[in-house]
Asks: 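Quick one: this structure, given as structure tokens, is what I'll be asking you about.
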2 protein chains.
Amino acid sequence: MTAHQGENPLSLDNQLCFAIYAASRAVTGLYRELLADMELTYPQYLVMLVLWEHATMPVKDLGAALRLDSGTLSPLLRRMEERGLLRRSRSAEDERVVLVALTEEGAALRERALDIPARVLRGTGIPADKAEELRGLLDRIAEYAGGSGTYAAR
Amino acid sequence: MTAHQGENPLSLDNQLCFAIYAASRAVTGLYRELLADMELTYPQYLVMLVLWEHATMPVKDLGAALRLDSGTLSPLLRRMEERGLLRRSRSAEDERVVLVALTEEGAALRERALDIPARVLRGTGIPADKAEELRGLLDRIAEYAGGSGTYAAR
DNA sequence: CTCAAACCAGTTGTGCACAATCAAATTGTG
DNA sequence: CACAATTTGATTGTGCACAACTGGTTTGAG
């Protein structure tokens, strides 16, 4: 498989980007199973990862950490608030800022998530040493492409 | 950056999967710019890649190639048909099968897409030799995780 | 031949992503 | 102080993804 399509620059099998796209969806599918009993989606789980490290933070910082804008985060956070995982409140010092704060229920969920990274890594079939190298390359792509990406063409 | 967070298994920065997820969105953003003047989205471009190699094929095979189901492909193909890039028709031999066929307009678009892979690869900042290795690892993840993923837990 | 099982595409409903736009709050400058 | 520019989050609209379901078609066991 993935035969060398030779000259064709538009062959699907030759495209690094399709591999990233397909792998991303496959990994999200893995998480879907592992997160099902916590009733979290993968993006919601990412929000929890950040909040488990910083119990309270502005929406803006959350967006910077996950590289998501308010159009994505606002409804996502609303659903998580309705589920009781977090609360949102306007900052007293700056009324423009909305602070996202973990509830006790949200904080308690951390324990049930502790083994997820290891289980997912097994699910990918990637040895730990390769994973490190792979992550480095992908971070580089996200930084490079993301930098001149969404905001770009200046 | 991406400091070694040490022990914390739930640190965002340590997660290979977030790197895949973020890189995927960053790359999609790159394509968004390059495909804008063709008025194609990235998934639509992927459909075109397949059709440029096989001018006519069943929806099922298209889904197998891109790992997308009919819930995604049906409305996507409908929009592309409305735009005149392709036509859909029931197979004569098997009325269950819908054949997707490139129109002349769709085939003609290929020329304008020829330089896109090279431009995207530059946009990722990944040298060509690393790209090959990266693609191999990602294919493995997609196969491994996708295999026991969407359909899985048998 | 019959009819139950499998197959294929489409539809519905939910949840991201992201561009574009908006309103409210804050900041900086004169 | 006045007020234009900036910041912040929300809202609207479009387009994926995917689970669950539907309806028409084909296949195959008996």
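Each chain gets a letter, A, B and so on, in the order the sequences are listed, and its residues count up from 1. The model shown is predicted, which means the values in this text are computed figures rather than measured ones.
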Asks: Tell me the interatomic distance from Leu62(B), atom CG, to dA17(D), atom P, rounded to whole angstroms.
Replies: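 Rounded to whole Å, this separation is 13 Å.
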
Asks: Using whole Å, what does the distance between atom C1' of nucleotide dA17(C) and atom CZ of Arg25(B) come to?
Replies: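 The answer, rounded to whole Å, is 8 Å.
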
Asks: Is there a side-chain contact between Asp37(A) and Arg112(A) in this structure, where contact means two heavy atoms from C-beta onward sitting under 4.5 Å apart?
Replies: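 Sidechains of Arg112(A) and Asp37(A): in contact.
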
Asks: For the pair made of CD in Glu81(B) and P in dG15(D), what is the distance, rounded to whole Å?
Replies: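 It is 16 Å, rounded to the nearest whole Å.
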
Asks: DNA chain D: Asp94(A) or Gly71(A), which has the more 5' nearest nucleotide?
Replies: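 Nearest-nucleotide comparison on DNA chain D picks Asp94(A).
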
Asks: Check the surroundings of atom CD in Glu82(B): do more than 12 heavy atoms from other residues, nucleotides or ligands lie under 6.0 Å from it?
Replies: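 Above 12, so yes.
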
Asks: Among Thr103(B), Leu99(B), Leu102(B), Leu77(B), which residue meets the side-chain contact (heavy atoms from CB on, under 4.5 Å) test with Arg87(B)?
Replies: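 Of all the options given, the one that passes is Thr103(B).
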
Asks: Please state how far atom CG in Leu76(A) lies from atom P in dG9(D), giving the value in whole angstrom units.
Replies: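 Going from Leu76(A) (CG) to dG9(D) (P), I get 15 Å.
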
Asks: Mapping Arg96(A) and Tyr42(A) onto DNA chain C by nearest heavy atom, which one lands closer to the 5' end?
Replies: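 Nearer the 5' end of the strand: Tyr42(A).
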
Asks: Under 4.0 Å, counting only non-hydrogen atoms across every strand here, what does Leu73(B) touch: a base, just sugar-phosphate, or nothing?
Replies: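 Since no nucleic acid heavy atom lies under 4.0 Å of Leu73(B), the category is nothing.
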
Asks: So do the side chains of Gln15(A) and Arg135(B) get within less than 4.5 Å of each other, counting heavy atoms only?
Replies: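 Gln15(A) vs Arg135(B): side chains apart.
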
Asks: Nearest whole angstrom, please: distance from the C1' of dT14(D) to the CZ of Arg83(B).
Replies: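 Answer to the nearest Å: 11 Å.
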
Asks: Measure the distance from CD on Glu33(A) to P on dC18(D) and round it to the nearest whole Å.
Replies: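 One finds 13 Å between P of dC18(D) and CD of Glu33(A), rounded.
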
Asks: Is there a side-chain polar atom (N or O) of Arg78(B) under 4.0 Å from OP1 or OP2 of dG10(C)?
Replies: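 It does not, given that no N or O in the side chain of Arg78(B) lies less than 4.0 Å from OP1 or OP2 of dG10(C).
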
Asks: Without swapping roles, check the side chain of Thr28(A) against the backbone of Ser24(A) for a donor-acceptor pair under 3.5 Å.
Replies: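 At least one qualifying donor-acceptor pair exists.
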
Asks: Is Thr41(A) near enough to dC16(C) that one of its side-chain N or O atoms lies under 4.0 angstrom from OP1 or OP2?
Replies: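 For Thr41(A), the contact criterion (side-chain N or O under 4.0 Å from OP1 or OP2 of dC16(C)) is met.
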
Asks: When only distance counts, do a donor and an acceptor, one from the side chain of Ser70(B) and one from the base of dG10(C), lie under 3.5 Å apart?
Replies: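 When only heavy-atom distances are counted, Ser70(B) does reach the base of dG10(C) through a donor-acceptor pair under 3.5 Å.
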
Asks: Identify which nucleotide among dA17(C), dG10(C), dC18(D) has an atom closest to any side-chain atom of Asp69(B), counting heavy atoms from C-beta outward.
Replies: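 Given the options dA17(C), dG10(C), dC18(D), the side chain of Asp69(B) is closest to dC18(D).
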
Asks: Does the side chain of Ser74(A) get closer than 4.0 angstrom to OP1 or OP2 of dA10(D) through an N or O atom?
Replies: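 Ser74(A) to dA10(D) OP1/OP2: side-chain N or O found under 4.0 Å.
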
Asks: Nearest to the side chain of Thr72(B) - dC18(C), dA17(D), dA25(C)?
Replies: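 Output: dA17(D).
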
Asks: Regarding Arg88(B) and Glu81(B), does a basic nitrogen lie under 4.0 Å from an acidic carboxylate oxygen?
Replies: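 Yes, this pair counts.
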
Asks: Are Arg67(B) and dA17(D) close enough that a side-chain N or O sits under 4.0 Å from OP1 or OP2?
Replies: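 Answer no for this pair, as no side-chain N or O of Arg67(B) is under 4.0 Å from OP1 or OP2.
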
Asks: How many whole angstroms separate atom CG of Leu66(B) from atom P of dC18(D)?
Replies: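 One finds 11 Å between P of dC18(D) and CG of Leu66(B), rounded.
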
Asks: OP1 or OP2 of dA17(C) sitting under 4.0 Å from any side-chain N/O of Arg32(B)?
Replies: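 False: Arg32(B) side-chain N/O out of range (4.0 Å or more) of dA17(C) OP1/OP2.
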
Asks: Counting heavy atoms from C-beta on, name the nucleotide in dA17(D), dC16(C), dG9(D) closest to the side chain of Lys60(A).
Replies: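 Shortest atom-to-atom distance from the side chain points to dG9(D).
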
Asks: Taking only side-chain N and O atoms of Arg90(A), does any of them lie within less than 4.0 angstrom of OP1 or OP2 on dA24(C)?
Replies: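 No, no such contact exists.
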
Asks: What is the distance from CG of Leu77(B) to C1' of dG10(C), rounded to the nearest Å?
Replies: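 Going from CG in Leu77(B) over to C1' in dG10(C) covers 11 Å.
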
Asks: Considering only side-chain heavy atoms of Arg79(A), which listed nucleotide, dA9(C), dG15(C), dA10(D), is closest?
Replies: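 So the side chain of Arg79(A) is nearest to dG15(C).
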
